[in-house]
Q: 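Let me begin by handing over the structure; questions about it come next.
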Amino acid sequence: NAGVTQTPKFQVLKTGQSMTLQCAQDMNHEYMSWYRQDPGMGLRLIHYSVGAGITDQGEVPNGYNVSRSTTEDFPLRLLSAAPSQTSVYFCASSYSTGLAGSTDTQYFGPGTRLTVL
Amino acid sequence: SQKIEQNSEALNIQEGKTATLTCNYTNYSPAYLQWYRQDPGRGPVFLLLIRENEKEKRKERLKVTFDTTLKQSLFHITASQPADSATYLCALGSDFGNEKLTFGTGTRLTIIP
């Protein structure tokens, strides 16, 4: 199993450009999420999905879009990049039944380091 | 709002000693707490999970405690080795799988040979 894969590893954008960060997992996990990690801020949830066709906002969703057409893929779109979106982005997946007792252990991808000039 | 604090941004420990990292939280009643390890340039990797009704969990040289009265978890690495040098993150979750984890900012641990 490849686990969680992310592309690209690095990206430089100019303000106002748009792009899509790709995320895929081969563990048949229902739950997928996107985080950004900034110095001193920890991991902050951007968007998450509990299954194909279902997405919801996390703590910092503004400026980002997601969709979940398949169980495997969960792309993150930056609509109009801003310098404040310079960060390291992590995609994660987990096996989550949505029932009490489910522990949501997250499997993280290697990250995408994004710089917006 | 929920707040998670990890004791210090950086911690230096002599090789062979026990490293102890702290995770404190406020305005939250988590059902479980997780610890992750993150190496530079990589994504976090899950280490241990402890539930609110468990006092202690062990895995090889790792030990986690969870005190819901103090609202605190301690993460211990015994017989520490330079290879244990990394950033360690705690994360809190509620008892329903679709609820979001809340992560602390992490403690950067360096084991000095």
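Proteins get letters first, then strands, A, B, ... in listed order; numbering begins at 1 in each.
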Q: Name the region of A:Tyr107, side chain, backbone, both or neither, that has any atom closer than 4.5 Å to a heavy atom of chain B.
A: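 Neither part.
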Q: Applying salt bridge (charged side-chain N to carboxylate O under 4.0 Å, His left out) to B:Glu56 and B:Arg58, what does each step give before you reach the verdict?
A: CA-CA 7 Å; B:Glu56 183 179 298; B:Arg58 289 176 185 263; 2.8 Å; yes
Q: Measure distances from B:Gln38 to the heavy atoms of chain A and classify the residue's part below 4.5 Å as side chain, backbone, both or neither.
A: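 Just its side chain gets close to chain A.
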Q: Which value, rounded to the nearest 0.5 Å, describes the distance between B:Trp35 atom CH2 and B:Leu49 atom CG?
A: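 Going from CH2 on B:Trp35 over to CG on B:Leu49, the span is 13.0 Å.
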Q: If you count heavy-atom pairs under 4.5 Å between each of A:Pro39, A:Cys91, A:Gly42, A:Ala92 and chain B, which one has the most?
A: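 Of A:Pro39, A:Cys91, A:Gly42, A:Ala92, A:Gly42 has the most heavy-atom pairs under 4.5 Å with chain B.
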Q: Parallel, tilted or perpendicular: which describes the rings of A:Phe108 and A:Phe90, with under 30° parallel and over 60° perpendicular?
A: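 Answer is perpendicular, since the angle exceeds 60°.
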Q: What I want to check is whether the side chains of A:Tyr35 and A:Tyr48 have a donor and an acceptor closer together than 3.5 Å.
A: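 Per modelled atom types, A:Tyr35 and A:Tyr48 side chains form no pair under 3.5 Å.
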Q: Heavy-atom distances under 4.5 Å only: say whether A:Leu43 touches chain B with side chain, backbone, both or neither.
A: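 For A:Leu43, the contact with chain B is made by backbone and side chain together.
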Q: For chain B, which residues of residues 109-117 of chain A have at least one non-hydrogen atom nearer than 4.5 Å to it?
A: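 Within residues 109-117 of chain A, the residues under 4.5 Å from chain B are A:Gly109, A:Pro110.
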Q: Answer yes if the side chains of B:His76 and B:Thr20 hold a donor-acceptor pair under 3.5 Å, and no otherwise.
A: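 There is such a pair between these side chains.
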Q: Counting only heavy atoms not in B:Phe66, do more than 12 sit closer than 6.0 Å to its CZ atom?
A: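 Atom CZ in B:Phe66 is crowded, with more than 12 foreign heavy atoms closer than 6.0 Å.
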Q: Measuring heavy-atom distances to chain A, does B:Leu89 have an atom under 4.5 Å in its side chain, in its backbone, in both, or in neither?
A: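 For B:Leu89, the side chain is the part near chain A, not the backbone.
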Q: Give me the atom names and distance for the closest heavy-atom approach of A:Gln106 to A:Ser33.
A: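 For A:Gln106 and A:Ser33, the tightest heavy-atom pair comes out as OE1-OG, 3.4 Å.
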Q: Testing the basics here: between B:Leu101 and B:Gly93, what is the closest heavy-atom pair and its distance to 0.1 Å?
A: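 Nearest pair, atom of B:Leu101 first, then B:Gly93: CD2-CA, 3.7 Å.
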